[in-house]
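For clarity, every value in this text was computed on a predicted model and none was experimentally measured.
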Amino acid sequence: MENQSNDKKVFLLDALALIFRAYYALIRNPRITSKGKNTNAQFGFINTLLDLINNQKPTHMAVCFDTQAPTERHTEFTDYKANRQEAPEDLLAAIPDIKKLIRGFNIPVLEVDGYEADDVIGTLSKKGAAAGYEVFMVTPDKDYGQLVDGNIKIYKPGYQGGDAEILGAKEVCEKWNIKEVHQVIDILGLMGDAVDNIPGIAGVGEKTAAKLLAEYGTLENVLENADKIKGALGEKVRNGKNSAILSKKLATIITNVPIEFHEEDFRLKEWNRDLLKEVFIELEFKTVAKRILGEELSIVPGAVPQGVQTDLFGNAVEGKSKAEPKTPKAEVAEETGDTDRAEDGDIVHAGKNIQNTAHQYRTIQEEAAIKNLVKELLEEKEICFDTETTGIDANDVELVGMSFSFKPGEAYYIPCPADQEATRAILKQFEPVFNRKDVLWIGQNLKYDMLVLKWYGYELFGETFDTMLAHYVIEPDGKRSMDMLSARFLGYEPVHIEELIGKKGKNQLNMRDVAIDKISDYAAEDADITLQLKQVLSPLIKSKEVEKVFHEVENPLAKVLMEMEYEGVKVDQDFLHEYSKELEREAAKAEDSVYEQAGVKFNLASPKQLGEVLFEKLKLDPKARKTKTGQYATGEDVLMKLAHENKIVEDILAFRELTKLKSTYVDSLPELINRKTGRVHTSYAQAVAVTGRLSSNNPNLQNIPIRTERGREIRKAFVPRDSNRVLISADYSQIELRIVAGISGDPAMCDAFKKGIDIHTATAAKVYGVEESAVTKEQRYKAKSVNFGIIYGQGAFGLADNLGISRTEAKEIIDNYKKQFAGIDTYMESTKAFARENGYVQTLMGRKRWLRDINSSNFTVRGFAERNAINSPIQGTAADMIKLAMIKVYHEFRKHKFESRMILQVHDELVFDAVKEEVETIKPIILDCMRSALPLPNEVPVEAEIGSGINWLEAH
DNA sequence: GCGCGCACGC
DNA sequence: GACGTACGTGCGCGCA
């Protein structure tokens, strides 16, 4: 389309279709109850219009308004389903506003009674092209049909002009490269439910329909010969006759519309600014009005009003505009006057460009030179330290070199030879430096470097400033590789590691294989950059007011985590081996049973194939849900709904569970056992989860099964390292709810915790207005779900889904909950208000999460931000608390010189590999550390439970 | 190599 | 049918 000159284009907008789409987007979401002015109908229309004007700069345009709105055809459509008959009323309500907008923008209107925009373009295909114009039609999906040589040419979804026939859906899909049948409907300018009716017969899928059409030629022939069609199919065809005819009528484009093409009728004129202003005020489009009218934006490219960069359905439109879109971040900064953002921007420019700055990187190998360096390092107050190693698993690498930097632009690299004795000798010379207590160690992900050192027997005693963690507390979302941080905060792109060792893959080199002078430059630069990053990030830590969580939580924790990773946990290989065989047998049994019942062999592990078998071959559910990629959804929730009627589903679920357990846990764990220690050493990611939680990988020990009988067995494989030890597990009880109670100060909930009443029972008693002793199991279960939902900021919809109850009932429960626990409702509202005001929310330790979308005018985006606003302080405070507890436990253990070790953290649980004689001594210490780590407001008590046993399952 | 669907934890 | 459902990691499939 690029080669089309603008003055040869005419754009047609089907206003009614646009409103229709917006309207359905509205009513499909039950949470949208607003019937106010500022609805999606108007908004969607203006978005599409502005998008078009800004991107395509048409000189000629017309709105094709289906004037008999709803026209005969639209009326028929809404009759398809009785419950949608309310549609036209609201639709009509929006029309006057749309008309005002059209007048404001001074767009020519084509009013042709009783015809669709489709018909108009169909007709113009015969008449308009002669005038030398290309006619484009903007459909609700913003796909274009182009008029070429009197025919409408289809780009992406489009429609066939002229005397359009209804094609078999399959044929249409093939012809226009469309995956989903419902898109055909969009193409034809119709809406949703007619999906089932292409070619108009309910219950006849596209494949069957195509077959029928191929056999009889036309739809009319199919219907005429309906009696000859055998069985259920014939029945369906006969029953669906009327809707088939209607479908065809709906989709047929009329090409004899009484309209003539006159160039001047389509030419765009000046906007009527006064009228626009009036309409915008009326519709409360304040932001749009300000941007369109307050500034000279008009239709100049590069001046796309950012406030309307969402599509018809309220989704953010990315990269559609030729103008460089501002990031949402920038937008927030602008709207809230967030000076910190501006500060960030300044830093990029204020930062030194290392490339242009004289630097001195030196490789230190001679003993005398090392002595000199050590002497110097003993004097410095702050030292940046970095290691180069042979791999990324710190528990299984050799040191290749170390770099130090203490002055920007200067750095030293000390190569360490493959001969480990020689490397040890070099390290020995640095021992006094490592042992310094009066030094601040600076590094990027120091946990890694400390772990490498630990394997060589050294420890860093000084305090630490980890640039990765600094960035984590400054900006918990977003990426933070060193290259990225350098580019962003120093304005410099460092040498990328792939330039040394090649792209990742089987041919990637080992650091050991790279020439020393090459590594030296790279490694020294890393230390230099990290040092400079510290200078930049340090003031940001202060200005963002996150010193507390940074200095008191994250930095000290890194060392604790390092030690836990170093210790590892022993797994019982024999047990897993046996269990693997058992799982294998059972999985095979379930698999065979599925094939037998399905009557066909396929790959059961493939959701795609399974979906086809279940819903096409076995036809278990004629209304099977599909995923966004067009596959049948076969998730657990979907299958469970079919479970009571079909034994095959049971077997499928069993197969899923068994193979999941086998592949993810039983068979993988032994492969991650470290050769040196015979244990698995997980790695904790300290700067990944936006809420402040840790995450665990290689292996992930935070998702070991516990829910099901068979899954739970796996916990038996986690054992103490020798027979003189046991495992201890200590976990917080209802910690997140206690935090909710504490920070909201809700008297009812605080009281329940203070009295030590089971919180879900207490909740049920309140919500259902009964005595605690009279609460039924079901009431407690429902109350538990509500409590759970509160923590996640979930609404009635999610609750209903979770409990399998109606949304009405869910809403009732929630309303009652809010009444009984008014403090919680207030907390949720005030948290959202705080977020709107400040652009962030925070935990008790001052850990912040910035919510740039909290003031978004898009309800979906804003809703997401609002849920985060509620959830993050809760989840984050729980994360702060256990992190503080871990630091406390670690220091207590060191102080008492216990040999027992903390080895795992699973969000609200700590696991210890404990020496038997110490068990009774350390249990109260652990509990005390956990309870006192972070006292909650309003005297809400913090409780923890503890147990021990010969494996993790028993300890729990 | 990557996106997706699915499933495990808290 | 499409919209949404806290925070994570990892597996196998299917496609490029």
Side-chain angles (χ1 to χ4, degrees), chain A residues 21 24-32 81 180-183 185-186 191-196 313-315 476 503-505 603-611 623-639 653 656-657 659-665 667-668 682-683 685 688-708 711-712 714-715 731-732 735-736 788-802 849 859-861 863-864 866-876 878-879 882 905-909:
Chain A
R21 291 300 294 244
Y24 276 91
L26 267 182
I27 61 165
R28 279 167 183 169
N29 192 323
R31 274 171 294 185
I32 302 303
K81 277 213 169 158
E180 288 296 308
V181 184
H182 66 81
Q183 289 181 306
I185 297 304
D186 293 342
M191 240 79 67
D193 287 324
V195 168
D196 295 329
F313 304 107
N315 301 315
K503 286 213 182 298
K504 59 182 171 183
N603 186 352
L604 184 49
S606 160
K608 189 168 181 272
Q609 295 184 32
L610 174 65
K623 286 181 295 200
R625 200 180 85 204
K626 290 195 174 181
T627 66
K628 62 182 168 190
T629 52
Q631 279 187 36
Y632 290 103
T634 65
E636 194 185 345
D637 54 329
V638 176
L639 296 187
L653 290 172
R656 285 252 174 94
E657 185 193 359
T659 50
K660 166 81 181 177
L661 293 178
K662 187 169 181 295
S663 68
T664 307
Y665 304 104
D667 289 349
S668 318
T682 187
S683 176
V688 169
V690 280
T691 50
R693 273 189 177 183
L694 297 175
S695 79
S696 149
N697 58 34
N698 297 306
N700 181 351
L701 295 182
Q702 292 182 322
N703 73 342
I704 303 301
I706 193 160
R707 224 180 64 233
T708 67
R712 202 153 42 227
I714 293 170
R715 296 201 166 212
D731 64 308
Y732 280 113
I735 191 58
E736 291 189 337
F788 197 67
I790 296 297
I791 295 170
Y792 296 158
Q794 186 186 43
F797 200 106
L799 183 68
D801 209 41
N802 258 347
R849 177 167 183 184
F859 67 88
T860 310
V861 172
F864 194 75
E866 285 174 353
R867 282 189 294 279
N868 286 333
I870 293 166
N871 170 256
S872 295
I874 302 167
Q875 196 179 101
I882 196 164
Q905 189 255 41
V906 193
H907 306 309
D908 67 354
E909 175 189 5

Once you round it to whole Å, what is the distance between P of B/dC10 and CD of A/Gln702?
-> 10 Å
Residues in salt bridge (Lys or Arg N to Asp or Glu O under 4.0 Å) with A/Arg693, at least two apart?
-> A/Glu736
Taking only side-chain nitrogens and oxygens of A/Arg707, does any of them come within less than 4.0 Å of OP1 or OP2 of B/dG9?
-> yes
To the nearest angstrom, how far is A/His907 atom NE2 from B/dG9 atom P?
-> 12 Å
Reckon A/Ala633 touches a base, only the sugar-phosphate, or nothing at all at heavy-atom distances under 4.0 Å?
-> sugar-phosphate
Check whether any side-chain nitrogen or oxygen of A/Arg849 sits under 4.0 Å from OP1 or OP2 of C/dC7, and answer yes or no.
-> yes
Checking A/Arg849 side chain against A/Ala869 main chain: does a donor-acceptor pair fall under 3.5 Å?
-> no
With rounding to whole Å, what would you report as the distance between C/dT5 and B/dG1 at their P atoms?
-> 32 Å
Look at all strands and tell whether A/Arg712 reaches a base, only sugar-phosphate, or nothing, counting heavy atoms closer than 4.0 Å.
-> nothing
Of A/Arg625 and A/Val688, the one whose closest DNA chain C nucleotide lies more 5' | A/Arg625
When only distance counts, do a donor and an acceptor, one from the side chain of A/Glu636 and one from the base of B/dA7, lie under 3.5 Å apart?
-> no
Quick one: label A/Ile704 by what it contacts on the DNA or RNA (base, sugar-phosphate, nothing), any heavy atom closer than 4.0 Å.
-> sugar-phosphate
When the distance from CZ of A/Phe788 to C1' of C/dT5 is rounded to whole Å, what number comes out?
-> 11 Å
List the protein contact pattern of nucleotides 10-16 of chain C with one symbol per nucleotide (5' to 3'): B for base contact, S for sugar-phosphate-only contact, - for none; contact means a heavy-atom distance under 4.0 Å.
-> BSSSSS-
When the distance from CZ of A/Arg867 to C1' of C/dT5 is rounded to whole Å, what number comes out?
-> 7 Å
Starting at atom OH of A/Tyr732, determine the distance to atom P of B/dC10, rounded to an integer number of angstrom.
-> 16 Å
Which residues pass the salt bridge (Lys or Arg N to Asp or Glu O under 4.0 Å) test with A/Lys662, sequence neighbours left out?
-> A/Glu584, A/Asp667
Integer angstrom distance from the C1' of C/dG1 to that of B/dC6 = 22 Å
Name the nucleic acid region contacted by A/Thr634, choosing base, sugar-phosphate or nothing; use a 4.0 angstrom heavy-atom cut-off, strictly under.
-> sugar-phosphate
To the nearest angstrom, the CG-P distance between A/Asn868 and C/dT5 comes to 9 Å
Quick one: label A/Ile706 by what it contacts on the DNA or RNA (base, sugar-phosphate, nothing), any heavy atom closer than 4.0 Å.
-> sugar-phosphate
In whole angstroms, how far is the C1' atom of C/dG8 from the CD1 atom of A/Ile882?
-> 15 Å
Write out the stems for DNA chain C, ordered by first number and formatted as range with range, counting runs of at least 3 consecutive Watson-Crick or G-U wobble pairs under 3.5 Å.
-> B:1-9 with C:7-15
By ring-ring contact (aromatic ring centres under 6.0 Å, His included), A/Phe864 pairs with (sequence neighbours left out) none
By salt bridge (Lys or Arg N to Asp or Glu O under 4.0 Å), which residues pair with A/Glu657, not counting sequence neighbours?
-> A/Arg710
When we call it a touch if two heavy atoms are under 4.0 Å apart, what does A/Arg656 touch: a base, just sugar-phosphate, or nothing?
-> sugar-phosphate
What distance, rounded to whole Å, do you find between the two C1' atoms, one in B/dA7 and one in C/dA2?
-> 24 Å
Base, sugar-phosphate alone, or nothing: which one does A/Glu909 contact when heavy atoms must sit under 4.0 Å apart?
-> nothing
Quick one: A/Lys626 NZ to C/dA2 P, roughly how many Å, whole number?
-> 10 Å
